[in-house]
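Below is one structure; the comments refer to it alone.
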Amino acid sequence: MNLDKMTMYQAVKKAALEYPNGLAIYYRGKRISYRKLLNDIDRMADIFYNVLGVRKDDVILIAQPNIPDTLVMFYALNKIGAIVNFAHPFTPYNQIISILGKTKSKYLLMFEQRIAKEVDKYREISDKIYVTRIENYLPCFSKAFYHCFMNNKIRKKLGKTKDFDGFKYVHDLKPTNKPVLECFDKLDQCSVLLHSGSTTGDPKTIMLNDKGFNYITEHTDQILCIDWEKIKGIKMLNVLPSFHGFGLAMTMHLPLATKMGLVMIPKFTPKEVTKALKRTKFEVLCGVPTM
């Protein structure tokens with residue numbers, strides 16, 4: 001595939017330009033094409049670069065579940081050359097503060113349901129936070145239902161009281177349509193930070209680079225035991241979390257860089273997986289033994 005000279009963003013961009021109408025992401029009934037995904041990534045990169053002033057090697061902390069926004073922001077930051085610092089979406093506030101300080105993260109990207117649980121604490125660092133809504137990419141009817149009923153209590157707390165003053169929604173920011181300086185020259189340098197207790201349980205920060213992710217992608221045929229000519233267009237379940245290397249490399253970047261379709265589920269339950277299987281007939285599942 002010749003990805004050894006490409007960033008992760010460039011690998012996905014190549015797939016999108018070659019397969020624009022193909023299914024990139026299926027998310028709870030919403031089908032997102034490669035063309036739409038690339039447009040959303042470039043739009044978000046414009047916001048990060050031209051509105052928020054994110055630059056190469058800036059560290060941005062993302063603490064979100066498996067939702068399309070997570071991937072859009074990940075590749076937008078990779079385009080710029082920023083370092084994406086992934087954390088578990090339900091990491092307690094005191095640990096978030098520790099990660100922010102340890103990694104010198106410039107901004108924190110979180111979804112509103114998580115902030116609502118500790119809104120008084122998060123208000124103390126609201127200048128660093130940009131918020132997303134978990135329903136942003138849901139189909140119209142599901143989005144309306146979620147907005148009006150499922151999320152009503154949260155929306156009241158966050159949007160209609162003084163408790164949420166000072167927090168900013170990233171999707172409320174407008175792109176400038178100005179050029180974004182695309183990073184080409186840090187393939188061997190750190191582009192992703194992950195956090196793990198490893199085998200000892202002691203907190204560790206793991207540094208990964210684009211070359212490592214693309215190396216795995218280049219061996220998709222061997223890993224999945226599928227001939228290259230049969231990979232395009234097949235679908236893979238994405239339920240492993242983005243804040244783990246297995247989930248990020250194998251069930252997020254690999255399918256998107258090889259023109260596969262990604263069937264995204266924020267949280268594993270047998271019921272949700274069965275429903276997704278019936279609707280999409282996905283062919284590949286990467287998981288862990290307990291699943």
Side-chain angles (χ1 to χ4, degrees), residues 1-26 32-46 48-49 54 56-57 60 62 66 68-86 180-194 207-224 226-238 240 242-264 284 286:
M1 291 185 69
N2 301 318
L3 301 182
D4 57 322
K5 302 296 184 183
M6 295 185 185
T7 64
M8 284 185 279
Y9 164 78
Q10 289 158 359
V12 171
K13 179 181 178 179
K14 179 177 182 292
L17 294 177
E18 294 175 354
Y19 194 40
N21 298 320
L23 175 69
I25 298 174
Y26 176 90
I32 302 168
S33 70
Y34 272 93
R35 178 185 287 111
K36 166 69 171 169
L37 176 63
L38 183 60
N39 286 341
D40 286 359
I41 290 169
D42 288 340
R43 178 185 184 278
M44 188 61 69
D46 182 353
F48 282 141
Y49 189 84
V54 176
K56 178 183 173 183
D57 294 328
I60 309 298
I62 296 180
N66 287 15
D69 264 326
T70 303
L71 280 177
V72 168
M73 292 189 293
F74 171 61
Y75 285 108
L77 291 167
N78 186 260
K79 177 180 182 178
I80 297 167
I83 299 171
V84 180
N85 182 13
F86 275 115
V180 173
L181 186 62
E182 188 174 326
C183 181
F184 293 91
D185 60 352
K186 56 173 290 182
L187 301 180
D188 294 314
Q189 300 171 34
C190 178
S191 58
V192 177
L193 296 176
L194 299 179
M207 301 169 68
L208 302 172
N209 61 33
D210 291 55
K211 211 164 196 176
F213 284 96
N214 282 339
Y215 179 86
I216 292 172
T217 301
E218 293 238 75
H219 293 79
T220 298
D221 59 332
Q222 298 172 40
I223 295 169
L224 300 183
I226 301 174
D227 293 337
W228 273 116
E229 60 268 18
K230 297 180 181 178
I231 289 174
K232 178 181 173 180
I234 68 173
K235 295 176 285 295
M236 177 188 282
L237 180 70
N238 164 231
L240 295 174
S242 59
F243 51 86
H244 283 172
F246 185 19
L248 182 60
M250 276 295 299
T251 70
M252 292 190 176
H253 181 62
L254 180 148
L256 290 177
T258 56
K259 308 185 189 80
M260 295 172 66
L262 193 155
V263 179
M264 185 172 266
V284 182
C286 291

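For this chain, numbers begin at 1 and follow the sequence in order.
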Mind checking the CE-NZ spacing from Met260 to Lys235? Nearest 0.5 Å is all I need.
-> 9.5 Å
Look only at the side chain of Thr258 and the backbone of Leu254, and say whether a donor-acceptor pair between them is shorter than 3.5 Å.
-> yes
Side chains of His244 and Leu194: does their closest heavy-atom pair fall under 4.5 Å?
-> no
Taking C-beta and beyond as the side chain, do Leu193 and Met207 meet within less than 4.5 Å on heavy atoms?
-> yes
Which pair of heavy atoms, one from Ala45 and one from Ala76, lies closest together, and at what distance?
-> N-CB, 3.5 Å
Please lay out, stage by stage, how Asn66 and Met252 fare under the test side chain to side chain contact (heavy atoms under 4.5 Å, CB included).
-> CA-CA 9 Å; Asn66 287 15; Met252 292 190 176; 3.4 Å; yes
Is it true that Asp42 and Lys13 have a side-chain N and a carboxylate O under 4.0 angstrom from each other?
-> no
Report yes if some heavy atom in the side chain of Leu37 is under 4.5 Å from a heavy atom in the side chain of Tyr75; otherwise report no.
-> no
Polar side-chain atom of Gln189 near backbone of Asn209 as donor-acceptor pair, under 3.5 Å = no
Between atom CD1 of Ile226 and atom CD of Glu229, what is the distance when rounded to the nearest 0.5 Å?
-> 11.0 Å
Would you say Lys186's side chain and Cys190's backbone share a donor-acceptor pair under 3.5 angstrom?
-> yes
Listed partners of Phe86 passing ring pair (Phe, Tyr, Trp, His ring centres under 6.0 Å), at least two apart | Phe74
Heavy-atom donor-acceptor pair, Gln222 side chain to His219 backbone, under 3.5 Å = no
Within 6.0 Å of CG in Asp227, more than 12 heavy atoms from elsewhere | yes
Looking only at non-hydrogen atoms, find the nearest pair between Asn2 and Glu218 and report the distance.
-> N-OE1, 2.8 Å
Just distance, no hydrogens or angles: give the donor-acceptor pairs under 3.5 Å from side chains in residues 14-23, sequence neighbours left out.
from: Lys14; atom 1: NZ; to: Glu18; atom 2: OE2; distance (Å): 3.1
from: Glu18; atom 1: OE1; to: Lys259; atom 2: NZ; distance (Å): 2.8
from: Asn21; atom 1: OD1; to: Arg35; atom 2: NH1; distance (Å): 2.6

At what distance, to the nearest 0.5 angstrom, does CD1 of Ile41 lie from CG of Leu71?
-> 7.5 Å
Keeping the roles fixed (side chain from Asn78, backbone from Tyr9), state whether a donor-acceptor pair exists under 3.5 Å.
-> yes
Would you check if Thr7 and Lys79 make a side-chain contact, meaning some heavy-atom pair closer than 4.5 Å?
-> no
Pairwise side-chain contact, Pro255 with Asn238, heavy-atom cut-off 4.5 Å (strictly under) | no
Between Met8 and Thr217, is any pair of side-chain heavy atoms under 4.5 Å apart?
-> no
Could you walk me through whether Tyr215 and Leu3 pass the side chain to side chain contact (heavy atoms under 4.5 Å, CB included) check?
-> CA-CA 8 Å; Tyr215 179 86; Leu3 301 182; over 6 Å; no
Knowing that exactly one of Val12, Leu262, Leu248 qualifies, which makes a side-chain contact (heavy atoms from CB on, under 4.5 Å) with His253?
-> Val12
Lys211 side, atom NZ; Leu187 side, atom CG - distance, nearest 0.5 Å = 6.5 Å
Test item: Asp210 side-chain N/O and Ser191 main-chain N/O as donor-acceptor pair under 3.5 Å = no
Does the side chain of Thr251 come within less than 4.5 Å of Leu237's, by heavy atoms?
-> no
From CG (Asp46) to CZ (Arg43), nearest 0.5 Å = 8.5 Å
Does atom NZ of Lys230 have more than 12 heavy-atom neighbours, drawn from other residues, nucleotides or ligands, at distances under 6.0 Å?
-> no
Contacts of Phe48 that satisfy ring pair (Phe, Tyr, Trp, His ring centres under 6.0 Å) - sequence neighbours left out = none
Heavy atoms of other groups near Phe184 CZ, more than 12 under 6.0 Å = yes
Euclidean distance, Lys56 NZ relative to Ile83 CD1, rounded to 0.5 Å = 10.0 Å
Single hit among Leu224, Val284, Thr220, Leu240 for side-chain contact (heavy atoms from CB on, under 4.5 Å) with Met250 = Leu224
